[in-house]
Amino acid sequence: MQEIVIKQLTPTDYERIIELWERAGMPARPRGRDSYKELTKQMEKNPKFFWGAEIKGELIGVIVASSDGRKGYLNRIAVQARYRGQGIAQRLTLAAEDTLRKEGIKVITLLVERDNIPSIQLAHKLGYVQHPDIIYFSKRESEED
Ligand SMILES: CC(C)(COP(=O)(O)OP(=O)(O)OC[C@H]1O[C@@H](n2cnc3c(N)ncnc32)[C@H](O)[C@@H]1OP(=O)(O)O)[C@@H](O)C(=O)NCCC(=O)NCCS
């Protein structure tokens, strides 16, 4: 069994992160908040919010934490298809949660599309409470953001 390493990501991982998201069916917004400039700005501000999973130096999983100082958020978790079902998403989530807690964050939230059963099950397994009564709203400057 090859060793899976959970590690903090840096701007040098940018291309690999985008490729992993695209392969996982989560296209990035390269002209908006996933542009090199925006993403590396976020990384430099909060270096501990970007976690990756590697096998033999290959990036096979990623998660991005974020915080508004009041609540924490888990974003854009993805594991390469052939490595799913081995607890990698779980390890990434726990690493990101730990970072947020160390920042003093006590409420951690995540958004999942209604038909994304693996992610919903992952959230249940890790103790997240579902809120069927809440409706998500957003306002964007453009579709790129
Ligand atoms: C969601 C995703 C990250 C899960 O990654 P993973 O490494 O396979 O997940 P894990 O092995 O850590 O699974 C942990 C738990 O999640 C749940 N889970 C994961 N995959 C599941 C599946 N296909 N069906 C049902 N439950 C699943 C289970 O409760 C599992 O625990 P168990 O193995 O003890 O039953 C992965 O399926 C993925 O990359 N999907 C595409 C990208 C995506 O949709 N991201 C989420 C955007 S919000």
Looking at side-chain heavy atoms only, is the closest gap between [X] and [Y] below 4.5 Å?
X      : Y     : result
Arg91  : Ile4  : yes
Val107 : Tyr73 : no
Thr40  : Gln42 : no
Ile17  : Glu22 : no

Per the ring-ring contact (aromatic ring centres under 6.0 Å, His included) rule, what does the pair list look like for residues 2-36, sequence neighbours excluded? Tyr14-Tyr36

If only atom types and distance count, is the side chain of [X] paired as donor or acceptor with the main-chain N or O of [Y] below 3.5 Å?
X     : Y      : value
Gln90 : Leu126 : no
Asp13 : Thr10  : yes
Arg29 : Ser35  : no

What is the distance from atom [atom1] of [X] to atom [atom2] of [Y], rounded to the nearest 0.5 Å?
X      : Y      : atom1 : atom2 : value
Ser119 : Arg114 : OG    : CZ    : 14.5 Å
Leu39  : Ile18  : CG    : CD1   : 6.0 Å
Thr93  : Lys125 : OG1   : NZ    : 11.0 Å
Leu74  : Leu111 : CG    : CG    : 10.0 Å
Asn75  : Met26  : CG    : CE    : 9.0 Å
Met43  : Gln8   : CE    : CD    : 9.5 Å

Are Val5 and Val79 linked, directly or through intermediate hydrophobic residues, by side-chain heavy-atom contacts shorter than 4.5 Å (ILVMFWY only)? no

Glu19: which residues meet the salt bridge (charged side-chain N to carboxylate O under 4.0 Å, His left out) condition with it, sequence neighbours left out? Arg23

What are the two closest heavy atoms between Pro27 and Arg76, and how far apart are they? O-NH2, 3.2 Å

Correct closest heavy-atom pair for Ile6 and Ala95 would be CG2-CB, 4.0 Å

Are Val112 and Leu122 close enough, and set up right, to give a side chain to side chain contact (heavy atoms under 4.5 Å, CB included), and what steps lead you there? CA-CA 10 Å; Val112 181; Leu122 173 67; over 6 Å; no

Consider only side-chain N and O atoms of Ser67 and Asn46, and report whether a donor and an acceptor are under 3.5 Å apart. no

Let me see the working for Ser138 and Arg140 under side chain to side chain contact (heavy atoms under 4.5 Å, CB included), right down to the final yes or no. CA-CA 7 Å; Ser138 72; Arg140 291 159 203 263; 3.5 Å; yes

With a 3.5 Å cut-off and sequence neighbours excluded, list the donor-acceptor pairs that the side chains of residues 48-65 form with protein atoms.
unit_1, atom_1, unit_2, atom_2, d
Trp51, NE1, Lys48, O, 2.9
Trp51, NE1, Thr99, OG1, 3.1
Glu54, OE2, Lys7, NZ, 3.3
Glu54, OE2, Arg16, NH2, 2.7
Glu58, OE2, Gln80, NE2, 3.3

Salt bridge check: are Glu38 and Lys41 linked by an N-O gap of less than 4.0 Å? yes

